[in-house]
Amino acid sequence: MTAVSEVAHLDDIDLFQRLHAARRASAQDLLRDPVTLARGLDPTYVMRPHLRLIGNALADVGDGTCDRLLILTPPQVGKSTTVAEWFPFWWLAKFNSDSVAVTSYSDDLALRRGKTIRSHVDEYGADYDLHMRAGSGAMHDWEVTEGGGVRSVSVGKGLTGYSVNLLIVDDPHKDRADAESDASRKALHNWYSSTALKRLQPDRNAVVAIMTRWHPDDFAGRRLAEEGRIEDGGRWRVIHLPAIADPKFGPDPLGRAPGAPLTHPKIPTRNRRALLAWWDDMKRTSIVRDWHALAQGDPQPAEGALVSEELLRSIRDTSTTVEPQKKAVAIDPSGGGRDVAGVVGGFLGDDDRVWITDDVSAAMSSSDWSMAACRLAHRTEAAVIFVEWNYGRDMCELAIRTSWETLQREGEIPPDVLMPQIAPVHAKQGKLLRAEPVAQQMVQDRVRLRGVFTDLEREWATWMPTDPESPGRIDASTILVYGLIPEANKGAIVHAPLPQAPTPGVQRQSPRSASPYDRRVGR
């Protein structure tokens, strides 16, 4: 080799070394968090604000800031791809000798996660000193040369004898039937307590669970009941991302205003209209309990509720022709901006039924709920606005009159339109809602819903008479019924028989054929 060629050869080696060092430095930069890693390596990975939030939380787990992380989101928003596939690869890139367990409700789903993680090691691992161990061919259980590896199994089995530094629980419940099975839940809780936790190692360990909610005592519900949230002195850090931001859950992790939609990997972040349309479609095509459990992360028990979902579905009616005799709006004022103010509209038909036609309830201040009630009253041509007797009548009337005058002054309501009468209704005994007689009116087919009212129906289908507080929508609809058919409130008893779903094939009694005695006692 000549002196010139030898110099050129050394220059090539130096260039290769510098390029390799630059590549490794760039690869190390991607290890800031799993989302940064995914974006840097996979051009198809789409980052959204909620995924950035999740990525930062996962980085905290890797740094040891927290060792228990629970992520609750609606389905299909990229959480499993981020947490159950990119996060394990990121963890192994940082801790080559650690063992990771990825569990899910089925072996097939867990195995799919394990295959994806392994493909990341095959494609990108060299930059992080990750190399598959020779002979490590099992897709559900493989190792890298540095000693770490991944085991992918369904919850309830497959971890005995396996050391775990990072345990990922990805959607531990298959569906509602599985989550509502006492035996299935007991088996899951026992597995987690007696097997999974016992495999964690003392040098470094963490548990990350990602799921949609199904049941109050599902995996997430039991963990929070037994160990609690960090902010309450417990152990679990919780990222709760409902499809639609709701102040009842406390400050939104993304800083969203009430009613704002959750971002989605396949919808541009700034396209609020498309996001709202997506979640609205999910809401309209879901049963009440599924929407609030899966989309909002707020499962409620169905046992012991005042009315059943079957009953509520049976009283939905958008086809019957009926002539309104008296239109009204009912208000259950909120005690503050965080409470939901119930604002419901409807009418008494010529068939002697109360028809609920509108629900504009929301978390509102007094100025907001009074404006909403006035707008609804004007739009529906309501003759009366009913308000709860026990609430500050003078303040409520003043708020409504002020809002009506404001809307007229701003031109939203013509100046020649008279404000509806404001009438008090006694719907509570002290603070106890007298909702049972109204539920009986539903059973007797004296109340119908002019459409699907997901939030109102959810409150009726989950609220129990023993609950210390009653939701705003139930309050408002109760006030509406008592206002339009006052006899429903006469002699109301606190513990009326709980209504059940109507028996298939049995015709309910028409309100016109019911005797006055039946009407009075709610039979």
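Everything quoted here is computed from the prediction, not taken from an experiment.
Of the possible polar contacts, none joining the T195 side chain to the Y192 backbone as a donor-acceptor pair under 3.5 Å is found. Side-chain atoms of D252 do not come within 3.5 Å of backbone N or O of A245 as any donor-acceptor pair. Judged purely by atom type and a 3.5 angstrom limit, D63 has no side-chain atom pairing as donor or acceptor with the backbone of T65. The main-chain N or O of T103 is never found under 3.5 Å from a side-chain atom of S154 such that the two would form a donor-acceptor pair. Although no hydrogens or angles enter the test, the distance criterion places no donor-acceptor pair under 3.5 Å between the side chain of S181 and the main chain of A177. Counting only distance, with no hydrogens or angles, the side chain of W90 and the backbone of L31 share a donor-acceptor pair below 3.5 Å. Between the side chain of D42 and the backbone N or O of A38 there is no donor-acceptor pair closer than 3.5 Å. Looking only at distances, a side-chain donor or acceptor of Y124 sits under 3.5 Å from a matching main-chain atom of L41. For the pair S286 (side chain) and M282 (backbone), a donor-acceptor distance under 3.5 Å is present. A donor-acceptor distance shorter than 3.5 angstrom exists from the side chain of D218 to the backbone of H215, with no hydrogens or angles considered.
Proximity of N165 to N205: side-chain heavy atoms (C-beta onward) are nowhere separated by under 4.5 Å. With contacts defined as side-chain heavy-atom distances shorter than 4.5 Å, the pair L167/L159 qualifies. By the 4.5 Å heavy-atom criterion applied to side chains, V438 and I474 are not counted as neighbours. When side chains are defined from C-beta on, R204 counts as touching D98, because their heavy atoms get closer than 4.5 Å. Counting heavy atoms from C-beta on, the side chains of M364 and V343 come closer than 4.5 Å. Contact check for P253 versus L241: side-chain heavy atoms found under the 4.5 Å cut-off.
Remark: F453 engages no residue in a ring pair (Phe, Tyr, Trp, His ring centres under 6.0 Å) (not counting sequence neighbours). In this view, T212 satisfies the side-chain hydrogen bond (donor to acceptor under 3.5 Å, both in side chains) rule with no residue, not counting sequence neighbours. The side-chain hydrogen bond (donor to acceptor under 3.5 Å, both in side chains) test applied to D182 returns R185, not counting sequence neighbours. For R151, the side-chain hydrogen bond (donor to acceptor under 3.5 Å, both in side chains) criterion is met by D141, not counting sequence neighbours. Listed by chain and number, the residues in a side-chain hydrogen bond (donor to acceptor under 3.5 Å, both in side chains) with Q76 amount to none (sequence neighbours excluded). For Y105, the ring pair (Phe, Tyr, Trp, His ring centres under 6.0 Å) criterion is met by no residue, not counting sequence neighbours. Legend: residues meeting ring pair (Phe, Tyr, Trp, His ring centres under 6.0 Å) with W91, ordered by chain and number and at least two apart, are F87, F95.
In this structure, R222 is not positioned above the aromatic face of F219 in the sense of NZ or CZ being under 6.0 Å from the six-membered ring centre and within 45° of the axis.
A donor-acceptor pair shorter than 3.5 Å can be found between the side chains of T82 and Y45.
For the pair D178 and K174, the salt-bridge criterion is not met [side-chain N within less than 4.0 Å of a carboxylate O]. Salt bridge D280/R284: present, at least one basic N to carboxylate O contact under 4.0 Å.
Taking a 6.0 Å sphere around NZ of K198, one finds it holds more than 12 heavy atoms contributed by other residues, nucleotides or ligands.
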For residues 48-61, which side-chain N or O atoms pair as donor and acceptor with protein atoms under 3.5 Å away, sequence neighbours left out?
unit_1	atom_1	unit_2	atom_2	d
R48	NE	H264	O	2.9
R48	NE	I267	O	3.1
R48	NH2	P265	O	3.4
R48	NH2	I267	O	3.3
H50	ND1	T263	OG1	2.7
H50	NE2	V77	O	2.8
R52	NH1	D33	OD1	3.1
R52	NH1	D33	OD2	2.9
R52	NH1	T36	OG1	3.4
N56	ND2	R52	O	3.4
D60	OD2	R237	NH1	2.7

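Identified under the salt bridge (charged side-chain N to carboxylate O under 4.0 Å, His left out) test for residues 264-278, with sequence neighbours left out: none. Among residues at least two apart or in separate chains, salt bridge (charged side-chain N to carboxylate O under 4.0 Å, His left out) pairs with a member in residues 66-82 are D67-R235. Counting only residues at least two apart or in different chains, salt bridge (charged side-chain N to carboxylate O under 4.0 Å, His left out) contacts with residues 449-463 comprise K283-D455, D298-R458, R316-E457, D455-R473, E459-R473. Residues in residues 103-113 take part in these salt bridge (charged side-chain N to carboxylate O under 4.0 Å, His left out) pairs, two or more places apart or across chains: E85-R113, D107-K157, R113-D170.
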| task | Determine, stepwise, if the pair S365 / D368 fulfils side-chain hydrogen bond (donor to acceptor under 3.5 Å, both in side chains). | result | CA-CA 5 Å; S365 64; D368 291 333; 3.1 Å; yes

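By the 30° and 60° cut-offs, the orientation of the rings of W86 relative to F89 is perpendicular.
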